[in-house]
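Here the structure comes first, spelled out in structure tokens, and everything after it is commentary.
These numbers come from the heavy atoms of this one structure, side chains and all, not from hydrogens, waters or symmetry mates.
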Amino acid sequence: MTLTQYLVAASVDGYIADPEGSLDWLFQFNDTEGLMAHVDAFVAGTGAIAMGAATYEFMLGQGGPWPYPDQRTWVFTHRDLPVAPGTRVELTRDPVEDVHARMVEAAVGRNVWLVGGGDLVGQFAARGLLDELWLGVAPVVLGGGTPLLPHRLAGRLELLAVTHFPDSFLELRYRVPPADGTPPQ
């Protein structure tokens, strides 16, 4: 069964980017033992990706080849953005529920990854299209920035797993209740 998952890292105080929109605070954990292998395994189980324009522009700004050549990627935007030749990136203005159906089909039994940002993920969640939250918790306090999820999720999250990494980095994996707040099955 294809799951729609939000894998994201946040500071202890709940921000995914600092006040300047930077992720430099997070890159210090790239050498944390086992963390990148864990993320690589997650990505290998992903067949389709969604992200917002700001996340996409950030990724383009990192230089190098597109990091997800095996996954079809939808970028939700109302602007014209560059698309590198040879990538499987599609720009869309369509409603998330319409694109989600195409994403599940494109995933071919693998999962759908909502890369970010939080506003886009909130749109999926509000329509009952978010199954799991994989929350990396970095032991830093940013004091402001881009919030993890600027939308309320109805109901209570169900904790499925906790993974401890060196350097005090944690991952909390939650099942997200349906949009109407009924308990997960």
Side-chain angles (χ1 to χ4, degrees), residues 1-11 14-17 23 26 29 32 34-52 54-56 58-59 66-76 88-90 92 94-138 146-165 169-185:
M1 177 178 104
T2 298
L3 296 173
T4 301
Q5 302 166 314
Y6 181 30
L7 170 77
V8 64
S11 61
Y15 296 102
I16 60 176
L23 296 180
L26 181 60
F29 298 100
T32 298
L35 183 59
M36 295 316 291
H38 180 74
V39 172
D40 290 345
F42 176 90
V43 173
T46 299
I49 294 174
M51 66 182 68
T55 301
Y56 178 66
F58 172 82
M59 296 183 81
W66 181 245
Y68 310 113
D70 299 329
Q71 291 85 5
R72 196 157 162 213
T73 301
W74 281 264
V75 177
F76 288 80
R88 300 177 67 195
V89 173
E90 177 181 332
T92 185
D94 295 343
V96 295
E97 58 271 21
D98 295 347
V99 177
H100 185 261
R102 298 193 304 259
M103 293 176 70
V104 169
E105 183 179 334
V108 190
R110 294 187 290 163
N111 296 321
V112 171
W113 178 20
L114 306 180
V115 176
D119 185 61
L120 177 64
V121 173
Q123 291 176 49
F124 277 85
R127 288 160 181 84
L129 301 174
L130 177 61
D131 299 307
E132 293 182 347
L133 167 62
W134 293 45
L135 174 59
V137 181
T146 305
L148 165 69
L149 194 59
H151 295 270
R152 181 176 182 187
L153 295 179
R156 191 171 79 191
L157 303 174
E158 177 187 348
L159 184 64
L160 300 175
V162 177
T163 305
H164 296 231
F165 294 95
F169 197 97
L170 295 174
E171 181 186 74
L172 308 173
R173 183 176 167 200
Y174 293 100
R175 180 176 293 128
V176 176
D180 64 5
T182 59
Q185 301 296 322

Interatomic distance, [X] atom [atom1] to [Y] atom [atom2] [nearest 0.5 angstrom]:
X      : Y      : atom1 : atom2 : result
Glu132 : Leu160 : CD    : CG    : 5.5 Å
Leu135 : Arg173 : CG    : CZ    : 13.5 Å
Glu158 : Tyr174 : CD    : OH    : 11.5 Å
His164 : Leu170 : NE2   : CG    : 5.5 Å
Asn111 : Trp134 : CG    : CH2   : 8.0 Å
Leu35  : Glu171 : CG    : CD    : 8.5 Å

Mind checking side chain to side chain donor-acceptor pair (under 3.5 Å) for [X] and listing every partner two or more places apart, or none if nothing turns up?
X     : value
Ser11 : Asp13
Arg88 : none
Glu90 : Arg72, Trp74

Can you tell me if Glu105 has over 12 outside heavy atoms packed within less than 6.0 Å of its CD?
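Atom CD in Glu105 is not crowded, with 12 or fewer foreign heavy atoms closer than 6.0 Å.
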| request: Run the numbers on Thr55 and Val75 for side-chain contact (heavy atoms from CB on, under 4.5 Å), then give the verdict. | output: CA-CA 9 Å; Thr55 301; Val75 177; over 6 Å; no
>> With a 4.5 Å cut-off on side-chain heavy atoms, are Thr73 and Trp66 touching?
In response: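 Yes, their side chains come closer than 4.5 Å.
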Q: Could you tell me whether the side chain of Thr92 reaches within less than 4.5 Å of the side chain of Phe76, counting heavy atoms only?
A: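 Yes; the side chains approach each other to less than 4.5 Å.
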I'd like to check the side-chain contact (heavy atoms from CB on, under 4.5 Å) partners of Val104; sequence neighbours left out, ordered by chain and number.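 Once residues adjacent in sequence are excluded, the partners of Val104 under the side-chain contact (heavy atoms from CB on, under 4.5 Å) criterion are Thr2, His100, Val112.
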> Who are the side-chain contact (heavy atoms from CB on, under 4.5 Å) partners of Pro67, not counting sequence neighbours?
Replying inline: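 With neighbours one apart ignored, the set is Met59.
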Might you point out which heavy atoms bring [X] and [Y] nearest each other, and give the distance in Å?
X      : Y      : answer
Gln71  : Val43  : NE2-O, 3.0 Å
Thr32  : Phe165 : CG2-CB, 3.8 Å
Leu114 : Tyr6   : O-CD1, 3.0 Å
Gly45  : Arg110 : O-CB, 3.3 Å
Ile16  : Ala9   : CG2-O, 3.4 Å
Pro177 : Leu157 : CD-CD2, 3.8 Å

Check: residues 117-125 side-chain donor-acceptor pairs under 3.5 Å, at least two apart:
| unit_1 | atom_1 | unit_2 | atom_2 | d |
| --- | --- | --- | --- | --- |
| Asp119 | OD1 | His151 | NE2 | 2.8 |
| Asp119 | OD2 | Gln123 | NE2 | 3.3 |

(Q) Tell me whether Asp131 contacts the main-chain N or O of Thr4 through its side chain, where contact means a donor paired with an acceptor under 3.5 Å. (A)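 Here the side-chain-to-backbone pair exists.
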Pair Thr46, Tyr68 - check side-chain contact (heavy atoms from CB on, under 4.5 Å), show working. CA-CA 10 Å; Thr46 299; Tyr68 310 113; over 6 Å; no
